Amino acid sequence: MTELELRDLRKTYRARGRPPVEAVRGLDVRLRSGELLGLLGPSGCGKSTTLRMIAGLETVTGGDVLVGGVPVTDRPARRRNVGVAFENYALYPPLTVRENLAFGLRARRRADRGDVDRRVALIAERVGLTAVLDDRPATLSSGQKQRVSLARALVREPDVLLLDEPLSHLDAAQRDTTRREVKRIQRDLGHTAILVTHDQEEALSLADRIAVMRDGVIEQLGTAHEIYDHPATRFVADFVGEPAINLLPAVTAPDGRAAVSGAVLLPLPVRLPPGREVVVGVRPEDLALTGEDGVRARVLAHEPLLEYGVATLALDGVEDPVAALTDPGTRLARDDRVRVAADPGLTHVFDAETGVSLR
Amino acid sequence: MREPERDVREREREAGRGAGRDGRGPGRDGRGARRVAGWLADAALVGYFVFALFPIAWMLVLSLKPADQLFSTYFSFTPTLGSYRTVLGGGEGIPFLRFFVNSLVVSVGAVALSLLVGLPAAYASARWRFKGSENLMFTLLSFRFAPELTVIIPLFVLYQRLGLFDTYVGMIWVLQLVTLPLVVWIMRSYFADLTPELEQAALLDGYSRTQAFFRVALPLVKPGVAAVSLLAFIFAWNNFVFPLILTSNEAQTVTVGALSFLGGDRPKYNLTAAAALVSVVPPLLLALTIQRYLVRGLSFGAVKS
């Protein structure tokens with residue numbers, strides 16, 4: 001199998017009469033053989049552009065793409081041996097599933113008919129499409145279409161597999177099963193793969209490591225736990241986690257805590273000099289409702305869900321509401337008085353200006 | 001062009017009847033009112049039908065009349081196919097059959113040339129924005145909105161000098177000015193509607209851009225090619241000004257040829273009518289044969305997944 005490396009990869013779009021747009025600004029990533037990297041970020045962060053540059057569908061402004069240690073930056077798409085499963089499946093409507101899969105193999109003259117049939121049958125079995133091989137794409141479910149798209153990318157035995165939002169068009173039930181399928185297939189075949197997605201759940205469940213992108217740069221690269229437990233920037237903290245983290249502007253106090261709105265004092269994970277402007281982050285799941293001590297707050301709303309509840313609270317003297325998870329069975333009504341406390345080991349603190357973690 | 005129109009009318013009529021028949025809810029009176037409305041719609045459509053077809057019926061009558069009853073205004077006459085015989089047999093010293101063949105050659109030639117050049121051009125302009133691409137497209141379109149008469153005199157002089165006057169090549173070249181913009185502009189939107197990922201998947205599989213165009217994009221826009229070919233053919237076939245000025249005999253087409261029966265000491269309206277009706281046949285046959293594609297082609301969107 002093959003390593004994939006991006007070295008200072010850049011893409012700048014230039015249009016006459018408009019300032020140039022730097023879509024990707026120097027990516028450095030190295031994927032181990034067989035690793036699945038998730039590129040996670042909001043739309044417009046450059047993740048799809050990155051994927052298209054790796055595939056050779058977009059010209060590279062600067063830097064290099066290396067497959068198996070060999071630079072392929074100057075090669076056209078057809079000479080890179082990269083497979084792409086497109087977001088909209090890109091299946092050819094007039095052809096059956098079998099013909100769609102064989103279409104890619106026929107491009108290279110070397111494959112003889114028997115070989116094509118054998119490889120199509122093999123991949124169809126791997127992804128569970130044998131029963132629908134003679135159907136046309138229009139008659140398939142979205143989950144099946146996604147699997148055909150995946151099989152189509154895999155049938156040529158590419159060195160690198162690229163998945164572009166592979167689950168975004170599936171409904172919730174199909175998403176779960178297809179996600180497991182994709183994971184299993186990628187594991188079984190051992191492809192080095194990149195998954196592009198804006199859906200954190202997809203990235204968390206599929207990827208070995210996740211690169212969180214924003215404005216053309218990687219804000220943080222790490223495992224799901226590293227990113228969740230130790231977000232490197234305020235943006236990463238905000239983007240990953242559901243419900244979203246509470247972020248409160250604060251000023252460090254002489255006692256080592258941080259004062260929010262000059263009133264509430266929150267514990268910090270590190271000791272910082274007093275008077276510094278910071279943003280304190282507390283995940284809703286790390287904010288505990290306590291009986292006696294802690295910060296006084298008023299309940300604004302409470303949504304009891306099955307495994308947990310989400311309480312929206314107004315800390316006394318603080319304008320921005322915060323969210324806190326509650327245990328199942330908790331009963332709260334609007335305007336109830338509660339006290340909340342945050343574990344200093346689980347709070348995050350970011351520089352107010354740069355957004356970089358100060359932990 | 002007449003066929004889809006008829007389709008629409010029939011559909012409308014059926015819709016009208018349908019509403020009359022199975023209109024439930026409002027009760028008996030409502031149903032009766034709807035039935036009357038249906039009849040009124042039918043009557044209106046019949047009225048329009050007569051209005052639309054009357055000139056053609058008149059031409060048909062004219063073409064079947066013998067020369068001596070030509071100017072009678074009542075409908076009793078001795079029908080004869082003599083006019084057709086004269087026209088097709090090259091009577092009156094006018095080689096109408098040759099004009100007919102000329103029309104076929106130059107129209108098919110112009111359409112073929114336009115497809116050959118226009119399809120790749122349309123594809124390129126739909127897929128890539130390059131320097132001046134919009135200007136180029138606009139220039140192409142401007143050939144269409146400039147009246148032919150504005151350029152006909154310089155063209156005439158040029159054609160005389162270049163030896164293109166009254167030749168097939170010359171006619172195909174000038175009719176291409178009419179058909180090419182049509183092909184490029186219509187096909188451009190067809191190509192733009194195809195998702196580029198289809199071709200990109202082919203590129204990744206190892207196909208070249210040319211192969212991707214021929215094997216992926218082109219087969220998917222076939223209905224559009226059928227529709228635009230027919231339109232282009234009709235425009236080329238019906239063109240009057242260019243053959244009138246730029247041909248004299250060798251490459252003259254039916255549109256001008258049919259009119260030559262009006263010359264001479266007495267205008268032969270029956271022969272003109274017969275010639276005109278004969279010249280309607282090819283576009284009509286073409287429209288009928290590709291009607292299936294045409295309806296699909298004009299209501300595009302089926303390819304999107």
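Bear in mind that the values here come from a model prediction, so they are computed numbers and not experimental data.
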More than 12 heavy atoms of other residues, nucleotides or ligands under 6.0 Å from NZ of A:K183: yes or no?
yes
Tell me whether B:L285 at atom CG has more than 12 heavy atoms from other residues, nucleotides or ligands lying less than 6.0 Å away.
yes
Against chain B, label A:F86 side chain, backbone, both or neither, depending on which of its atoms sit under 4.5 Å from a heavy atom there.
side chain
Any side-chain heavy-atom pair of B:L204 and A:R156 under 4.5 Å:
yes
Can you name the nearest heavy-atom pair linking B:Y207 to A:R78, along with the distance?
O-CD, 3.5 Å
For atom OH of A:Y13, decide whether the heavy atoms of other residues, nucleotides or ligands shown that lie under 6.0 angstrom number more than 12.
yes
Write out, in numerical order, the residues from residues 48-65 of chain A with a heavy atom short of 4.5 Å from a heavy atom in chain B.
A:R52, A:A55, A:L57
Just wondering, more than 12 heavy atoms not from A:E125 lying within 6.0 Å of its CD?
no
A quick test of your reading: do over 12 heavy atoms of other residues, nucleotides or ligands sit less than 6.0 Å from CZ of B:F138?
no
Closest heavy-atom contact between A:R152 and B:A202?
NH2-N, 3.8 Å
Quick check: closest heavy atoms across B:L198 and A:L91, and the distance to 0.1 Å?
CD2-O, 3.3 Å
Does atom CZ (A:R7) have a neighbourhood of more than 12 heavy atoms from anything else shown, all under 6.0 Å?
no
Mark yes when over 12 heavy atoms from residues, nucleotides or ligands other than A:R184 sit less than 6.0 Å from its CZ; otherwise mark no.
yes
